[in-house]
Amino acid sequence: MADRIPAEPLLRLEGVHTHIGQYHILQGVEFDVPEGGITMLLGRNGAGKTTALRTIMGLWQPSRGSVTFEGRAIGGLTTPEIALSGIAYVPETMAVFSDLTVEENMILAARSGPLDRKRLDWIFSFFPAMQKFWHSPAGVLSGGQKQMLAISRAIIEPRRLILIDEPTKGLAPAIIEGMIGAFEALKRETTILLVEQNFRFAASLGDTVAVMDDGRIVHRGTMTALSADEALQTRLLGLSLDAHQ
Amino acid sequence: MIGKLLSYDPPKSRVLGVVLAIIVLGLALAPFLFPGAAAINTAAKICIFIVLVASYDILIGYTGIVSFAQTMFFGIGGYGVGLSLYFLGPTWPVLALGIVIALILGVALAFVIGLVSLRVKAIFFAMITLAVASAFLILATQLSELTGGEDGRTFRVPELLRPGTKLLEAPLFGLEITGRIAAYYLVFLAALALFLVALRLVNSCFGRVLQAIRENESRAEALGYRVVYYRTLASCLSAALAVCAGVLSAIWLRYTGPETTLSFAIMLDVLLMVVIGGMGTLYGAVIGASLFILAQNYLQKLMGVASAATEGFPLLPRLLHPDRWLLLLGVLFVLSVYFFPTGIVGRLTQRARK
């Protein structure tokens with residue numbers, strides 16, 4: 001069922017179980033994120049994708065299993081320690097600090113010093129709205145602009161791995177098209193683990209894919225192979241690529 | 001120059017800027033503009049409470065921490081200086097020693113409370129601070145050999161600050177320059193400096209992290225910020241400012257006691273001042289403290305005038321009787337919260353943005 005994925009993984013989850021209160025959400029999740037490119041984490045609603053990202057980030061502690069990043073176990077580390085080890089996280093809720101300006105949001109994310117002007121221009125080339133609203137409170141931005149800010153914040157400094165949770169959720173198709181361009185450029189310099197419901201978006205960007213169902217990984221392989229196999233899509237995700245075109 | 005002094009965070013509304021300028025000028029010239037013991041006393045109290053309210057706003061407004069121990073730190077400042085001057089004599093080195101002892105004790109206590117309890121949920125932290133502050137109040141009342149118990153301690157201040165000390169032979173603009181005036185300007189300038197320090201603090205990167213934590217802890221953690229560390233540091237800095245306010249209060253009153261520094265009535269007043277002025281904006285501390293203390297001191301007199309003026313009308317003179325000033329203050333508070341849910345400064349800033 002799984003294709004062969006080359007290269008030493010940047011991130012590895014082995015037998016990860018996560019409980020939230022009385023609920024057993026992740027039930028032995030196993031998958032690798034290879035270095036470079038975009039790994040898509042797909043699955044139906046409630047499959048455990050967001051919990052998987054939050055567990056990697058230390059926002060939920062795994063009750064069993066191991067999370068290894070660059071060969072180092074990060075399962076027991078705190079969220080700030082994980083963040084400082086080089087993992088950025090963009091939650092699905094357009095997670096900006098609304099009382100702070102766009103500039104202040106970016107300054108907060110730049111942990112190693114002042115903002116790098118060259119990198120900022122690079123970000124503005126994908127998301128011009130960030131430059132336009134630089135001194136405005138993030139709370140006044142539209143949904144799409146907030147999402148752009150959340151992503152900009154994650155890439156304001158080079159990171160080893162970026163976890164992004166449903167970046168297209170609730171966004172207009174034109175904004176999504178613009179975001180595809182940004183991710184194309186971004187994946188040339190860093191590794192991305194992206195949770196997504198929009199299969200067309202996932203198919204156009206993903207290099208490798210892991211599909212979750214009921215708290216487990218039910219498929220691993222390349223995105224090309226999954227995109228080409230409609231029967232597999234229907235079986236795993238209950239949809240076909242055509243349905244989303 | 002002014003921009004730098006205000007940490008490039010000037011008032012965002014012209015009306016607010018004008019009101020703040022009037023308050024600062026009024027306080028700066030208070031001894032000359034409003035002669036008389038009551039007026040200068042009110043002005044000094046406003047200065048002291050601006051610092052205390054600003055210190056509390058750093059906690060509740062900027063960091064989202066609800067604490068009931070702010071008056072405890074205010075009391076530590078008052079008792080630190082008061083007891084030092086009482087037992088060791090009224091000299092400047094003793095005053096400095098008292099300030100240092102109070103700051104060390106206050107910050108150490110804030111650090112311990114912060115480390116132990118900032119990991120728990122907000123409501124439990126609030127309860128812990130309430131318990132610690134109650135314990136401190138009881139301790140201050142019961143250790144009467146040291147603290148003077150419920151009567152507190154009256155002490156002498158260095159000679160320069162004593163009311164009997166004449167600093168200038170001839171009156172200046174009709175005002176006799178005594179140690180009392182020197183004490184007022186010490187309080188005013190120290191309060192101004194402390195307020196500007198607080199403004200610098202909330203406009204620094206540290207202040208932005210506090211605001212980020214207030215808005216969403218997990219997001220701040222996901223950016224690599226250790227929430228407990230920042231919260232504990234905010235508690236310590238806020239405590240240090242409250243201690244300084246207590247020091248100024250003790251120097252001004254030449255007295256320290258549980259009623260003037262540690263009582264929960266003061267804590268409630270501080271909370272009201274923060275809410276009226278506007279949480280999460282230090283300028284709110286200036287507006288809130290000024291309005292509240294002016295109302296506290298002059299509402300009764302105003303009501304007396306209004307009651308006399310409405311004589312002959314049914315019910316009104318009785319409603320406006322000076323004895324009912326607390327009732328009117330309560331109504332004014334409810335109205336201000338209703339019409340200015342984000343505080344006066346918040347409302348003015350929102351209006352200016354539109």
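What you are looking at is a predicted structure, and each value in this text was computed from that prediction instead of being measured. Residue numbers start from 1 in every chain, and the chains themselves are labelled A, B, ... in the order their sequence lines are given, proteins ahead of strands.
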Point-to-point distance, once rounded to the nearest 0.5 Å, from OG of Ser204(B) to CG of Leu199(B): 10.5 Å

Toward chain A, the part of Glu215(B) with a non-hydrogen atom under 4.5 Å: side chain

Per-residue contacts, residues 136-153 of chain A versus chain B, heavy atoms under 4.5 Å: Pro137(A), Arg153(A)

Closest approach of Val66(B) to Phe125(B) (non-hydrogen atoms, all atoms of both residues): O-CD2, 3.4 Å

Stepwise side chain to side chain contact (heavy atoms under 4.5 Å, CB included) check, Phe69(A) with Val67(A): CA-CA 7 Å; Phe69(A) 175 61; Val67(A) 182; 5.8 Å; no

Most chain B-contacting option - heavy-atom pairs closer than 4.5 Å, from Gly58(A), Ala154(A), Pro80(A): Pro80(A)

Distance, nearest 0.5 Å, that separates OG of Ser125(A) from CE of Met130(A): 12.5 Å

Salt-bridge criterion met for Glu92(A) and Lys49(A) (N-O under 4.0 Å): no

Reported CG-to-CG distance for the pair Leu196(B) and Leu282(B), which is rounded to 0.5 angstrom: 10.0 Å

Region of Ala95(A) in contact with chain B, defined by heavy-atom distances below 4.5 Å: both

Euclidean distance, Trp122(A) CH2 relative to Phe127(A) CZ, rounded to 0.5 Å: 9.0 Å

Atom of Ala126(B), atom of Phe68(B) and distance for their closest heavy-atom approach: O-CD1, 3.5 Å

Aromatic ring pairing Phe195(B)/Tyr283(B), orientation class (parallel under 30°, perpendicular over 60°, tilted between): tilted

Neighbourhood of chain B inside residues 97-111 of chain A, taking heavy atoms under 4.5 Å as contact: Phe97(A), Ser98(A), Asp99(A), Leu100(A), Glu104(A), Ile107(A), Leu108(A), Ala109(A), Arg111(A)

Heavy-atom pair with the smallest gap, counting every atom of Val19(B) and Ile287(B): CG1-CD1, 3.6 Å

Charged N-O contact under 4.0 Å between Arg160(A) and Glu35(A): yes

Which of Glu221(B), Gln211(B), Arg214(B) touches chain A most, by non-hydrogen pairs under 4.5 Å: Glu221(B)

